[in-house]
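Encoded as structure tokens, the structure appears first; notes follow it.
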Amino acid sequence: MHDIRMVRDAAESLRAGMRRRGKADTLGPLVERAIALESERRSAIQATEEKKAARNAASQEVAKRKKAGQAADDLLASARALGDEITALEQRQHAAQSELDEILIGLPNIPLDDVPDGDESANVVLRTWGTPRAAESVTPHWDVGERLNLFDLARAAKISGSGFIVYRGAGARLQRALISFMLDLHTQQHGYEEAWVPLFVNRESMLATGQLPKFEEDMYALRDDPLFAIPTAEVPITNLLRDELLDNARLPLAMTAHSACFRREAGAAGKDTRGLLRVHQFDKVELVRWVAPEESAAQHELLTGHAETVLQQLDLPYRVVLLAAGDTGFASAKTYDLEVFAPGVGKWLEVSSCSNFTDFQARRANIRFRAAAGEKPRFVHTINGSGLALPRVVAAILEHHQRPDGTIAVPTALQPYFGAASIG
RNA sequence: GGACAGGUGGCUGAGUGGUUGAAGGCACCGGUCUCGAAAACCGGCGUACCCGUAAGGGUAUCGUGAGUUCGAAUCUCACCCUGUCCGCCA
């Protein structure tokens, strides 16, 4: 959500932001409408408050007269008339306000200056770590999984439907090992506090982090309760501090959580859906930081580094992609995708999306801080990223660490958690 | 799910329908005192919005939303949340 003052005083940068996302056609008119509504809202407020001030003065005078034992019938009549005018003006104000709110809650964040313009084709590969393995002689993970009995997608489809996973045996253990490894890394080396959070959250939480109102069809909703299954632990973690004023808080605050994530993937049918690549339920370790505005760019780099460390310790080649404005998520001002190379699939797989949301989520969620006593509260900046999403990491391990004899080498850092050096 | 009790500022805790933005306490900030600190004492101290270059003025805000009233933290209704007890389940 944008500062209402932006609509008034910096409308051009708002227009430019929508343009850079390639949404000038659809969102441009909304911006113009918002500007008109804001001026309407303000004139209504002015008129309303003037009348209210008059009514308050009259009321005080009534009190005074009653105390003195005098009659106040004339005042009562005029105050009653004022009340009617106020009601009408308030209706005008509320109408403008609610239409304005609806527009503002639906406008995406403004990309930072160093984000390239354009759509997905303008994404920039910033760096690559490790050496992608040649695709020949590497079996895709779905074949490996079947041969080594690591997961059972057919039975998962039977009990739930396509797009669900059943891990078993070493496959189940591998995922559990990865979760423990990642959580330990982030809590012990990177300074995150571990959390365990609800998998179902209310509408307010989804609005605060930006999943709603635009992406309702992407989420699972419960039938009998007004709750949504979380698409990422970002939602419950960020909302931990919703409507809070962090007084004397020493920022940054950093939290990590492992959770299941649920995505309907509506409209994604048929696209990279084989094996573990795109599923309705998956596990993920999430990283969230609440930071001071002036630090958010540096903190974004820091968090991205924390996610990269996971891939480095798992000895998996990856690249860091800076997303172009048109490919950057609704709430994000700048996003780095981490893509691991899976030689069996022959593709770079997104395993983490590290975003700087600036004050966009904080304003929606009303998360403020006071840097020092006596200072005005300000909105924090929020930053988050996966560290990492599990199924694609599993896929990459099964492919990149595949030996000629068909067994899988378990990365050294993972061996204490997995309990063996090899699968198969 | 049922019955009670309760939701007031960063925290705690008073509050009779009429200078209550809201006593007191804690925390915090400034000052006096001190070599320095602590203690004590004095003063200050919510948030958001509107008008204004500013000084300043105004409006709203006591869980949320409606209502009664000239006027609501205070009265009415609905909803949400918390606590306790009962029931149910693990």
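Residue numbering restarts at 1 for every chain, and letters A, B, ... go by the order of the sequence lines. Computed from heavy atoms alone, side chains included, the values below leave out hydrogens, waters and symmetry copies. A quick note: this is a predicted structure, and the numbers were derived from the prediction, not measured.
Using the Watson-Crick or G-U wobble rule with both distances under 3.5 Å, rA27(B) pairs with nothing in any strand shown. Pairing of rC85(B), defined by two Watson-Crick or G-U wobble distances under 3.5 Å, is identified with rG2(B). In this structure rU61(B) sits in a base pair with rG46(B), meeting the Watson-Crick or G-U test at under 3.5 Å. Using the Watson-Crick or G-U wobble rule with both distances under 3.5 Å, rU32(B) pairs with rA40(B). In this entry rG7(B) has rC80(B) as its Watson-Crick or G-U wobble partner, both defining distances falling under 3.5 Å. Summarising the base pairing, rG67(B) is matched to rC75(B) through a Watson-Crick or G-U wobble pair whose two defining distances lie under 3.5 Å. The partner of rA90(B) is absent, by the rule that a Watson-Crick or G-U pair needs both atom distances under 3.5 Å. Shown here, rU53(B) forms no base pair; nothing in the strands shown gives a Watson-Crick or G-U wobble contact with both key distances under 3.5 Å.
Tested against D337(A) for a side-chain hydrogen bond (donor to acceptor under 3.5 Å, both in side chains), the candidates S386(A), S355(A), S353(A) yield a single pass: S353(A).
Using bins of under 30°, 30° to 60° and over 60° for the plane-to-plane angle, the ring pair F151(A)/H141(A) lands in the tilted bin.
Counting only distance, with no hydrogens or angles, the side chain of N109(A) and the backbone of F357(A) share a donor-acceptor pair below 3.5 Å. Of the possible donor and acceptor atoms, one in the side chain of N123(A) sits under 3.5 Å from a partner among the backbone N and O of A324(A). Proximity of a side-chain donor or acceptor of Q175(A) to a complementary backbone N or O of V394(A) within less than 3.5 Å is not detected. Side chain of T407(A) to backbone of I423(A): no donor-acceptor contact under 3.5 angstrom is found. One N or O on the side chain of H280(A) and one on the backbone of R264(A) form a donor-acceptor pair closer than 3.5 Å.
Looking at which nucleotide of RNA chain B each of R42(A) and K52(A) is closest to, the 5′-most match is held by R42(A). Closest-nucleotide positions on RNA chain B for P377(A) and H94(A) were compared, and the one nearer the 5' end corresponds to P377(A).
For the pair L89(A) CG and rA60(B) C1', the interatomic distance rounds to 16 Å; values are reported in whole Å. In this structure, D225(A) places its CG atom 9 Å from P of rG1(B), rounding to the nearest Å. Rounded to whole Å, atom P of rC50(B) lies 10 Å from atom CD of Q46(A). A straight line from CD of Q93(A) to C1' of rA60(B) spans 10 Å, rounded to a whole angstrom. Atom CD of Q97(A) is separated from atom P of rA48(B) by 16 Å (rounded to the nearest Å). The interatomic distance linking E61(A) (CD) with rG18(B) (C1') rounds to 12 Å, in whole Å. Summarising the geometry, the separation between CD1 on I86(A) and C1' on rA60(B) is reported as 12 Å, rounded to the nearest angstrom. Distance E90(A) CD to rU59(B) P: 13 Å, rounded to the nearest Å.
Taking atom P in both rA27(B) and rU12(B), the straight-line distance is 15 Å, to the nearest Å. Look at the P atom in both rA14(B) and rU32(B): the space between them is 37 Å, to the nearest Å. Taking atom P on both rG18(B) and rA54(B), the two are 37 Å apart, rounded to the nearest angstrom. The same atom, P, is picked in rA23(B) and in rG43(B); the two are 15 Å apart, to the nearest Å.
Comparing atom distances between the A53(A) side chain and each of rC51(B), rC49(B), rG58(B) picks out rG58(B) as nearest.
Contact annotation for R65(A): no contact, since no heavy-atom pair falls under 4.0 Å across all strands.
Taking the six-membered ring where the residue is Trp, the centroids of F330(A) and F360(A) are separated by under 6.0 Å.
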*asked:* Output one letter per nucleotide in nucleotides 77-83 of chain B: B when a protein non-hydrogen atom lies under 4.0 Å from the base, S when only the sugar-phosphate is that close, - when neither is.
replied: -------

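Between rC50(B) and R41(A), a contact under 4.0 Å exists linking OP1 or OP2 to a side-chain N or O.
The closest side-chain heavy-atom distance from V285(A) to L388(A) is not below 4.5 Å.
Side-chain N/O atoms of Y192(A) and R289(A) include a donor and acceptor closer than 3.5 Å. Under 3.5 Å, the side chains of N384(A) and T238(A) contain no donor-acceptor pair of N or O atoms.
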Are there any protein N/O atoms within less than 3.5 Å of an N/O atom in nucleotides 68-74 of chain B, and if so, which ones and at what distance?
from, atom 1, to, atom 2, distance (Å)
rC70(B), OP1, R80(A), NE, 3.2
rC70(B), OP1, R80(A), NH2, 2.8
rC70(B), O2', S59(A), OG, 3.2
rC70(B), O2, S59(A), OG, 3.4
rG71(B), O4', S59(A), OG, 3.2

